Amino acid sequence: MEKFTTHTGVAAPLRSSNVDTDQIIPAVYLKRVARTGFEDALFAAWRDDPDFVLNQPEYAGSTVLVAGPDFGTGSSREHAVWALMDYGFRVVISSRFGDIFRTNSGKAGLLAAQVDQKVVQRIWDHLAEHPGASVTVDLESRTVRAGEGVEAIEDSFDIDDYTRWRLMEGLDDIGITLGHEDDIAAFEATRPTWKPATL
Amino acid sequence: MGKTLAEKVWDEHVVRSAANEPDLLFIDLHLVHEVTSPQAFEGLRLAGRRVRRPDLTIATEDHNIPTVDLDKPIADPVSRTQVETLRRNAEEFGVRLHALGDDDQGIVHIIGPQLGLTQPGATIVCGDSHTSTHGAFGAIAFGIGTSEVEHVLATQTLPQAKPKTMAVTVDGSLPEGVTAKDLVLTLIAQVGTGGGQGYIVEYRGQAIRELSMEGRMTICNMSIEWGAKAGMVAPDQTTFDYVQGRPSAPTGAEWDAAVEHWRTLRTDDDAVFDEEVVLDASTMTPFVTWGTNPGQGVPLGASVPAPEDFEEENDQVACRKALSYMDLQAGTPMRDVAVDTVFLGSCTNARIEDLRAAADVLRGRSVAEDTRMLVVPGSVRVRLQAEDEGLDVVFKDAGAEWRGAGCSMCLGMNADTLEPGERCASTSNRNFEGRQGKGGRTHLVSPLVAAATAVRGTLSSPADLAPVE
Ligand code: SF4
């Protein structure tokens with residue numbers, strides 16, 4: 001995983017709440033067995049709508065998605081995170097994320113930055129005035145920044161310490177856990193014999 | 001201070017705990033299916049890792065398989081490749097697989113309980129959000145993403161931050177004709193789709209105690225639809241009776257030891273939940289959704305709401321969008337909404353009791369002329385049991401289609417999808433835009449409402465039907 005410290009990029013406003021993972025990537029695209037190449041599947045149902053935000057020229061090449069509350073609810077499909085990343089997104093900002101989506105983001109290297117809905121609204125307003133503007137997301141100081149001068153927006157975002165640390169170090173979870181193999185073996189030795197086995 | 005059920009089960013599975021780090025939890029049972037596992041197995045292969053505990057892992061094919069022409073190879077080549085990939089991976093890594101054609105094949109959340117692998121006090125994960133179903137046994141069970149699937153395959157553990165706990169207490173008894181599905185839809189409409197976020201929820205109270213295991217599974221299944229990490233019900237005699245005698249249930253002295261432990265798995269009287277919700281079951285009625293998330297529901301006897309009925313601006317916008325997508329007019333009685341398709345299936349409502357309830361409504365009646373009804377049993381065992389009881393004949397005589405087992409139209413990954421604009425009454429769990437096929441419109445309902453709706457062609461409960469002559 002690539003290390004993540006800070007990112008500045010064009011931000012796209014997705015002014016909808018409850019954008020579930022079926023919207024992010026419909027099930028028909030989950031038939032593939034590869035880990036990459038899902039960019040064509042992102043928001044598939046909306047992509048041929050000329051009014052859809054990602055079809056506006058200002059937002060071509062956007063890397064920060066600013067979404068309404070309850071983004072990424074529903075299915076556990078990590079393909080939703082892969083599709084966002086394959087399309088070019090590095091950060092999603094929302095006031096509330098689906099639990100599994102947020103975990104998946106942390107594992108795959110997408111930053112899910114949780115802010116107050118008021119902050120989302122201010123960024124949306126800013127982007128409405130300045131389409132194509134950039135937003136900076138600094139993981140080190142946990143801040144989002146946009147705009148300049150009197151209009152400047154600067155606020156903190158929430159992310160748990162552990163995920164932040166892993167993202168900043170670009171660490172592979174499995175490697176960390178396998179470092180505790182002795183603990184796992186010790187635990188296994190104490191499991192009751194009546195616990196079921198599949199083999 | 002005492003502990004909640006969730007805390008007890010959690011604490012029993014902590015392999016390692018350290019300050020400022022999530023707990024490392026041991027996983028008792030890992031369920032695997034074809035859609036969320038290929039990239040995980042590939043990851044293992046690339047890193048030269050093995051499956052640490054194949055004996056705690058089981059795989060089946062459910063999401064991406066056909067429910068007709070089961071004697072032929074899978075027609076869609078992309079789907080076929082995915083299923084074949086699972087078969088190759090299971091073989092290579094020594095994982096037990098119940099493939100198409102096997103009597104134990106079925107939806108992953110239906111076969112775990114059926115085999116007796118789902119047991120009280122266990123930790124259970126699967127690359128599928130409805131893993132919460134298994135919480136009905138008093139297990140901590142939750143859905144994970146593919147990176148986590150790989151992590152569990154490699155280590156049999158997961159790093160997890162301990163969630164907060166919530167009690168949902170449902171007092172009173174459900175009236176006749178009102179089911180577990182109506183209860184959980186009522187709950188979600190009240191608390192909203194994000195209401196459970198960050199919590200392991202324990203469902204308790206008289207109405208929950210009175211439910212069968214299958215009803216409890218329906219409730220726990222939909223925990224994720226209001227954002228909860230997991231849903232649980234404390235194990236009791238109903239639970240033990242359900243588990244006993246199943247293929248993987250302990251026997252003899254082991255059974256006695258297991259039950260002795262399982263009896264301790266209840267929230268202590270002096271334990272404190274971080275949050276509590278109280279509902280009264282006795283006032284509940286059949287409940288259906290009108291919108292595009294499971295929280296957008298009303299009693300069947302009510303009408304489609306208007307955006308102005310909601311206080312928050314976000315909810316108003318969401319309502320407006322949903323009405324437009326669903327092609328519904330505010331004020332229309334739900335009972336006047338005509339459907340094209342009825343889907344009886346999914347891990348929410350395709351167990352034997354669901355099929356029996358629907359068949360009882362359909363016996364001696366027929367599916368309305370312009371309506372089609374698909375009946376997709378949750379597993380091959382459920383299908384065989386239903387056929388043993390003659391339920392398949394009831395469905396077929398009424399004009400419904402009797403299919404093979406799988407997820408089918410719940411997520412429309414196989415050929416069982418809605419056409420754009422088509423409207424469906426579905427016993428599944430998600431009414432998201434396009435969930436059952438691009439442009440498809442979904443109303444979530446109970447099996448009883450599904451069957452009655454099939455007969456009348458509009459959203460209905462059995463009470464709306466003329467008596468059978
Ligand atoms: S039946 Fe539906 S909800 Fe259940 S596992 Fe299958 S796709 Fe998921």
Side-chain angles (χ1 to χ4, degrees), chain A residues 15-18 20-23 26-28 30-35 44-45 68-70 73-79 81-82 96-101 103-104 106-108 117 160-162 165 172-178 180-181 183-184 186-188 191-199, chain B residues 15-16 20-22 24 26 28-29 35-36 38-39 42 54-58 64 78-79 81-82 85 96 116-117 119 127-129 143-148 150-151 154-157 159 161 193-194 197-198 227 229 248 250 254 257-258 261 293 314 318 411-413 430 432-435 438:
Chain A
R15 303 179 79 118
S16 299
S17 58
N18 271 295
D20 54 71
T21 51
D22 278 78
Q23 311 306 306
V28 286
L30 313 187
K31 297 181 183 187
R32 304 174 185 167
V33 295
R35 168 69 175 71
D70 293 313
T73 51
S75 148
S76 66
R77 56 189 73 164
E78 193 162 319
H79 310 68
V81 173
W82 303 338
R96 197 159 58 193
F97 291 99
D99 246 340
I100 309 177
F101 175 86
T103 306
N104 288 344
K107 306 285 175 189
Q117 178 59 25
D160 70 88
D161 294 341
Y162 188 70
W165 169 71
D172 160 25
D173 249 10
I174 298 179
I176 303 174
T177 301
L178 287 176
H180 304 306
E181 209 164 357
D183 294 327
I184 302 174
F187 183 93
E188 284 174 326
R191 293 180 77 236
T193 51
W194 48 259
K195 289 266 183 183
T198 57
L199 295 178
Chain B
V15 169
R16 181 178 178 277
N20 301 320
E21 280 180 40
L24 191 63
F26 192 81
D28 287 320
L29 179 64
V35 177
T36 55
Q39 296 86 355
E42 184 64 16
D55 62 325
L56 303 182
T57 312
I58 189 167
N64 191 11
V78 189
S79 300
T81 303
Q82 190 169 64
T85 303
R96 169 172 157 195
L117 285 167
Q119 293 182 8
D128 184 277
S129 58
I144 57 178
T146 297
S147 293
E148 292 176 301
E150 184 179 336
H151 192 283
T155 70
Q156 204 57 34
T157 62
T193 52
Q197 229 220 338
K229 171 89 183 172
S248 292
E254 299 267 274
H261 178 64
N293 72 54
N314 259 326
L411 88 165
M413 216 173 150
R430 285 189 177 139
F432 297 158
E433 286 183 23
R435 167 82 177 178
K438 194 173 177 182

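Model, not experiment: these values are computed from the prediction. What you see below is based on every heavy atom in this structure, not just the backbone, and it leaves out hydrogens, waters and symmetry mates. Proteins come first, then strands; the chains are lettered A, B, ... in the order of their sequence lines, and each starts at number 1.
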Atom group of [X] that falls short of 4.5 Å from chain B, counting heavy atoms:
X	answer
A/D183	both
A/D172	side chain
A/W165	neither
A/I100	side chain

Is [X] close to chain A through its backbone or its side chain, or both, or neither, when contacts mean heavy atoms under 4.5 Å?
X	result
B/T85	side chain
B/T146	both
B/R16	side chain
B/D28	both
B/E21	both
B/R96	both

Could you grab the distance from atom OG of A/S17 to atom CG of B/N293, nearest 0.5 Å is fine? 8.0 Å
Working to the nearest 0.5 Å, report the span between CD1 of A/I174 and NE2 of B/H151.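 The NE2 atom of B/H151 is 6.0 Å from CD1 of A/I174, to the nearest 0.5 Å.
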Heavy atoms only, distances under 4.5 angstrom: which of [options] has the most pairs with chain B? Name it, please.
options	answer
A/A108, A/S76, A/S75	A/S76
A/L199, A/D160, A/V81	A/L199
A/I176, A/D173, A/V28	A/D173
A/D161, A/T21, A/L30	A/L30

Would A/E78 and B/T36 count as having a side-chain donor-acceptor pair, cut-off 3.5 Å?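 No, because no side-chain N or O of A/E78 sits under 3.5 Å from a partner of the opposite role on B/T36.
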Does a side chain donor of either B/T193 or A/N18 reach within less than 3.5 Å of an acceptor in the other side chain?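 There is such a pair between these side chains.
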Can you give me the closest heavy-atom contact between [X] and [Y], atom names plus distance?
X	Y	value
A/I184	B/L24	CG1-CD2, 4.4 Å
B/Q82	A/V33	CA-CG1, 3.8 Å
B/Q119	A/W194	OE1-O, 4.1 Å

Heavy atoms, side chains only, cut-off 4.5 Å: are B/T155 and A/L178 in contact?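 Result yes, sub-4.5 Å side-chain heavy-atom pair found.
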Verify side-chain contact (heavy atoms from CB on, under 4.5 Å) between B/I144 and A/T103, making sure each step is shown before the conclusion. CA-CA 8 Å; B/I144 57 178; A/T103 306; over 6 Å; no
Side-chain donor or acceptor of [X] paired with backbone N/O of [Y] under 3.5 Å:
X	Y	result
A/T198	B/P54	yes
B/E148	A/N104	no
B/Q197	A/F97	yes
B/R430	A/G74	yes
B/Q39	A/A34	yes

Relative to chain A, which of B/P22, B/G143, B/S248 shows the most heavy atom pairs under 4.5 Å?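 Answer, by heavy-atom pair count under 4.5 Å with chain A: B/P22.
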Among B/S147, B/P250, B/P38, B/A257, single out the residue with the greatest number of heavy-atom pairs under 4.5 Å to chain A.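 Sorted descending by pairs with chain A, the first entry is B/S147.
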Is the shortest side-chain N to carboxylate O distance from B/K229 to A/D99 below 4.0 Å?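 Here B/K229 does not pair with A/D99 in a salt bridge, since their nearest N and O are not under 4.0 Å apart.
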Pair A/R191-B/L56, side-chain contact (heavy atoms from CB on, under 4.5 Å): steps then yes or no: CA-CA 12 Å; A/R191 293 180 77 236; B/L56 303 182; 3.8 Å; yes
For a side-chain contact (heavy atoms from CB on, under 4.5 Å) check, start with the C-alpha distance between A/K31 and B/M413, then their side-chain angles and the critical distance, and finish with the verdict. CA-CA 8 Å; A/K31 297 181 183 187; B/M413 216 173 150; 3.6 Å; yes
